Amino acid sequence: MRYKQIEDKIIMDAMDSFEIEQILECGQCFRFRKLAPNDYVIVAWGKVLRILQTKDEIIFYPTSPEEFENLWSSYFDLDKDYDIIKQHLAEKDIHLAEAVQFAPGIRILRQEPWECLISFIISQNKQIPHIKQVVENISRMFGRYICNFEGYDYYAFPTVEELSVAKEEDIRACKAGFRAPYIMDACQKIKNKEVELEKLVYLPYEEAKKELLKIKGVGSKIADCVLLFGIGHEEAFPIDVWVKRIMEYFYFDKDTNSNEIQAFAKDYFGNLAGISQQYLFYYARQLRLGK
DNA sequence: GCCCAGGCACTCA
DNA sequence: TGAGTGCCTGGG
């Protein structure tokens, strides 16, 4: 990957497989602020980063070459060749070709597993702006203050220890509603090592999923999101209402239960299931398919 | 005001 | 096993 450094900025040549808007707005992460089109601030791994994309360049700041190589490069999955993946999918069938064409700049972020888990527990029965709001509230209430960047205060997502001191009413006060006890349960099971997030990367996908399902409020969809966006299990295929709609529309032509779709995806997409899901999801949602 | 959203747990047949 | 229903909350 080629980049240059100017003061606290890292500047990368624009590429077909990097569109910051598509990456952030495709539903995989919730800690970003849109300042303007193609101009965002994100909070991840306890750091604040602005990403400004122009026609020719992608500018990241404030950061350093060391931090960029050690953190942001892996966060944005920059070592993976998405062009090959897209080409492979486009050759599979006309639907995938369409979906890939529609949002060629999507990438799968490597997020913190713990933050990912709590964020997706919050996500049930909520729309993205609400999810962002609750995650922000929790970070402000329990997380470490990071800095004031360009006039706005940023807080890290709380650690397991930091969030474990929370009482149910505190979490409810963050507008988490009926999910508050689920979050409490996640804190407890992670803290007492009933579920060990850092070990999930070494387990086969199916076993890792079984571990996550021990947590209250975590079903198949949320477990798959955590495995895909936080753990890096690329065969995970989260099926939400949008993915269900578009899969039925493309491949089944009728109402189909999620287990059947899951089995089809595993067989048809294999290790590209996760990334395929992202292209399909974005496509379905932008088209407001079935609405 | 009412309806529903990027699910899950719980209940009851 | 499978379908039906309630759930905090805020935006449309």
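Note that the coordinates shown come from a computational prediction; the quantities given were computed from them, not determined experimentally. Chain naming here is simple, since letters A, B, ... match the order of the sequence lines and numbering starts at 1 in each.
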At under 4.0 Å between heavy atoms, what does [X] touch on the DNA or RNA strands: base, sugar-phosphate, or nothing?
X: A:Phe120; answer: base
X: A:Arg179; answer: base
X: A:Ile128; answer: base
X: A:Gly27; answer: base
X: A:Val134; answer: nothing

Roughly how many Å apart are [M] and [N], using the [atom1] atom of each and rounding to a whole number?
N: B:dG1; M: C:dC8; atom1: P; answer: 22 Å
N: B:dC3; M: C:dT5; atom1: C1'; answer: 16 Å
N: B:dG6; M: C:dG2; atom1: C1'; answer: 23 Å

Tell me whether the guanidinium CZ or amine NZ of [X] lies under 6.0 angstrom from the six-membered ring centre of [Y] and within 45° of its axis.
X: A:Arg140; Y: A:Tyr152; answer: yes
X: A:Lys92; Y: A:Tyr268; answer: yes
X: A:Lys34; Y: A:Tyr40; answer: no

>> Between A:Lys216 and B:dA9, is there a contact of a side-chain N or O with OP1 or OP2 at under 4.0 Å?
In response: no
> Can you tell me how far the CZ atom of A:Phe281 sits from the CD atom of A:Gln286, to the nearest 0.5 Å?
Replying inline: 9.0 Å
>> Heavy-atom nearest nucleotide on DNA chain C for A:Pro129 versus A:Gln124: which residue maps closer to 5'?
In response: A:Gln124
To the nearest Å, give me how far apart [atom1] ([X]) and [atom2] ([N]) are.
X: A:His130; N: C:dC7; atom1: NE2; atom2: C1'; value: 15 Å
X: A:Glu136; N: C:dT9; atom1: CD; atom2: P; value: 18 Å
X: A:Lys132; N: B:dG6; atom1: NZ; atom2: C1'; value: 14 Å
X: A:Ile118; N: B:dG7; atom1: CD1; atom2: C1'; value: 16 Å
X: A:Lys214; N: B:dA9; atom1: NZ; atom2: C1'; value: 19 Å
X: A:Lys126; N: B:dG6; atom1: NZ; atom2: P; value: 12 Å
X: A:Glu25; N: B:dG6; atom1: CD; atom2: P; value: 14 Å
X: A:Gln133; N: B:dA5; atom1: CD; atom2: C1'; value: 16 Å

> Nearest to the side chain of A:Lys221 - B:dA9, B:dG6, C:dC7?
Replying inline: B:dG6
> Taking the side chain of A:Gln127 as heavy atoms from C-beta outward, which of C:dC8, B:dG6, C:dT9 is closest to it?
Replying inline: B:dG6
>> When both hydrogen-bonding distances must be under 3.5 Å and the geometry is Watson-Crick or G-U wobble, what is C:dC8 paired with, if anything?
In response: none
>> Under a 3.5 Å cut-off for both contacts, is B:dG6 paired Watson-Crick or G-U wobble with anything, and if yes, with which nucleotide?
In response: none
>> Looking at A:Lys210 and A:Glu206, is there a salt bridge between them, counting it only when a charged N and a carboxylate O are closer than 4.0 Å?
In response: no
> Can a donor-acceptor pair be found between the side chains of A:Arg33 and A:Tyr154 at a distance below 3.5 Å?
Replying inline: yes
> If each of A:Gly217 and A:Phe30 is mapped to the nucleotide of DNA chain B with the nearest heavy atom, which maps nearer the 5' terminus, i.e. the 5' end?
Replying inline: A:Phe30
